[in-house]
Every structure is written in C-alpha cells, then in structure tokens.
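As the structure lists them, so they are numbered: ligands from 1, and atoms in each ligand from 1.
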Amino acid sequence: YKALYSKHLLKGKKIVVSAGGTQEDIDPVRYISNRSSGKMGYSIARAAALEDADVTLVSCTHALPEPVGVHMIYVHDARELEKAVNAQYDDCDALVMAAAVSDYRPAVRAENKIKKEQHDHLNIELTENPDILYGLGQKKTHQFLVGFAAETRDVIEYGKAKLAKKNLNLLVANDVAQQGAGFNVSTNIAALIYKDGHIEQYPKMTKDDLGHIIIEKIVEGIN
Ligand code: CTP
Ligand code: CA
C-alpha cells in the first residue's frame with residue numbers, strides 16, 4: 001500500500017500526533033529515556049499532512065527532519081507532553097499517541113550536577129508519571145483516539161485491555177519481540193485493534209506504509 005497522491009481526505013480536519021521518547025531529568029546533564037526513535041509518529045504526521053490535515057506534531061526528539069507543512073511543538077518530559085497534547089485536544093478531530101511516555105520519572109530533579117565523590121552507591125527514586133492517554137480517554141467527547149502498545153508477549157490480550165482501559169477508538173499493537181519491529185528500526189509488525197473488537201493483523205512493513213494505513217483508518221473513523 002502506498003499513498004503516492006493526496007486525495008485531500010483530511011482537509012479541514014485537525015490531527016494531533018505525539019512522537020518519540022520522553023526524557024525525564026535526573027539533574028541538569030542527565031536523563032532517563034527509552035529506545036523510541038520517533039519515526040512512527042513522524043510517519044503518521046507526514047501521512048496526515050499529505051491528506052491536507054491541519055497537523056500538530058508534539059515531538060520529544062530533535063533527531064528527525066521536520067515534516068513539511070506540520071506545526072511542531074517540542075517537549076522534553078511527560079508532564080510537558082501532557083500539557084501540550086491537552087492544549088490541542090478540545091478542537092482536534094483525532095489524536096494519535098505514538099510517543100513512548102516514560103512510566104516513571106526521578107522523584108526529584110537535582111538542581112546541580114550530581115558529583116561522584118559524594119556517592120559510593122547512588123539510588124535514584126522514581127515516581128509515576130501521569131497516564132496521558134488515559135486522561136484523554138476520560139475526557140473524550142468527539143475525538144478519534146489512537147494509542148500504541150509495544151509488547152513482548154500476549155500482544156493481542158494486552159492490547160485489548162489497553163484499548164478498553166484508555167477508552168480508545170483504535171490501538172496499534174506492536175510485537176517488539178519480533179525481528180524488524182518496534183524501536184529504532186524503520187519497519188513494524190502491527191495489529192490494529194478496534195473498539196468493536198475486530199482485529200487486523202498486518203505483516204512487516206515500513207513505518208511510512210503503516211502511517212498511511214493508520215491515517216486511512218482515521219479518515220474512515222472521523223467521517
Ligand atoms: N501512555 C501515555 N502516558 C503514559 C504511558 C503511556 O499516554 N504515562 C500512552 C502511550 O503513548 C501509548 C499507550 O499509552 O499510546 C500505551 O503505552 P504502553 O507503555 O504500551 O502502556 P502502559 O499503559 O504504560 O502500560 P505498560 O507500560 O505497563 O505495558
Ligand atoms: Ca508504559
């Protein structure tokens with residue numbers, strides 16, 4: 001599947017996409033993060049822009065080229081990401097949470113660089129971050145809400161549970177235990193799980209191709 005030509009299917013629609021892994025500060029020079037590259041979210045944002053949507057990409061990474069014709073908002077940690085997506089939520093038609101949000105952050109951010117002379121052992125206490133997508137699901141009115149799940153086992157079962165818990169319209173479940181799926185590669189192996197219970201399993205494909213498929217499903221969902 002390749003969307004080579006725009007059919008202007010999202011003209012007048014506002015789509016918000018988050019991408020990349022949040023960075024949770026330990027001190028001014030260190031952070032906790034994850035292996036997310038942001039590629040999947042950027043592919044979705046490009047696919048939405050190609051269909052003429054008004055696209056806002058809330059990005060946790062500076063490592064990827066800015067998609068043409070997309071509004072960029074750069075954020076650092078989960079709490080900044082939460083503020084940014086919430087500010088865009090009320091008047092958007094669809095929101096895609098492709099960002100890998102750190103489940104935990106350091107309980108305190110040291111004001112100055114932590115020095116090794118002061119510690120033989122260093123324990124960093126972590127505290128839970130807000131579940132951003134859960135919050136969006138709770139206050140959903142008309143938005144088509146898309147979540148992602150990276151799993152290493154029981155992909156469909158965990159995926160179904162996340163879709164229900166977070167009140168999503170669509171969940172993209174990735175089996176990251178397989179070769180060529182998940183973090184830092186340009187391909188994914190995804191199952192799309194819908195609110196009504198039906199499931200579509202896709203073979204390994206590029207994140208760009210999967211991005212077009214997700215946008216096609218959003219077009220069907222919001223029109
Ligand atoms: N998510 C979020 N806020 C969090 C954690 C996750 O908005 N604090 C979103 C992710 O962007 C993704 C979806 O929720 O779209 C599922 O994320 P995932 O990490 O797979 O699920 P969790 O609910 O965090 O459960 P777990 O990591 O324990 O599997
Ligand atoms: Ca998580």
Q: In terms of atom number and element, which parts of ligand 1 are under 4.0 angstrom from non-hydrogen atoms of Ala149?
A: 20 (O)
Q: Do the side-chain N and O atoms of Asp208 and Ser43 include a donor-acceptor pair separated by under 3.5 angstrom?
A: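 The answer is yes; a qualifying pair exists.
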Q: Give the atoms of ligand 1, by number and element, whose distance to some non-hydrogen atom of Gly147 is under 4.0 Å.
A: 15 (O)
Q: Please list the nearest protein heavy atom to atom 27 (O) of ligand 1 with its residue and the distance rounded to 0.1 Å.
A: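 Ranked first by proximity to atom 27 (O) of ligand 1 is Asp103 OD2, 3.2 Å.
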Q: Take every heavy atom of Ala100, measure it against each atom of ligand 1, and state whether any distance is under 4.0 Å.
A: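 Outside the 4.0 Å threshold, so no.
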Q: Closest non-hydrogen protein atom to atom 16 (C) of ligand 1, residue and atom name please, with distance?
A: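 Protein heavy atom at minimum distance: Phe148 O, 2.9 Å.
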Q: Could you tell me whether the side chains of Ser37 and Tyr42 share a donor-acceptor contact shorter than 3.5 Å?
A: no
Q: Sort out for me which residue in His76, Arg105, Arg30 forms a side chain to side chain donor-acceptor pair (under 3.5 Å) with Asp25.
A: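 Testing Asp25 for a side chain to side chain donor-acceptor pair (under 3.5 Å) against His76, Arg105, Arg30 leaves exactly one candidate, His76.
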Q: Can you find a side-chain donor-acceptor pair between Gln179 and Lys204 that sits under 3.5 Å?
A: no
Q: If we count only N and O atoms by modelled type, under 3.5 Å, do the side chains of Asn169 and Lys217 hold a donor and an acceptor together?
A: no
Q: Could you identify the single nearest non-hydrogen protein atom to atom 7 (O) of ligand 1 and state the distance to 0.1 Å?
A: Leu133 N, 2.8 Å
Q: Any luck finding a side-chain donor-acceptor pair between Tyr74 and Glu80 under 3.5 Å?
A: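 No, Glu80 and Tyr74 have no side-chain donor paired with an acceptor closer than 3.5 Å.
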Q: For atom 8 (N) of ligand 1, state which one of Pro130, Ala99, Ala78, Ala19 supplies the nearest heavy atom.
A: Pro130
Q: What protein heavy atom lies closest to atom 3 (N) of ligand 1? Include the residue and the distance to one decimal.
A: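 Residue, atom and distance for the closest contact: Ile132 N, 3.0 Å.
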Q: So, does Lys165 sit close enough to ligand 1 that a heavy atom of it is under 4.0 Å from the ligand?
A: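 No, that is not the case, since the closest heavy atom of the residue is not under 4.0 Å from the ligand.
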Q: Between Asn174 and Val155, is there a side-chain heavy-atom distance shorter than 4.5 Å?
A: no
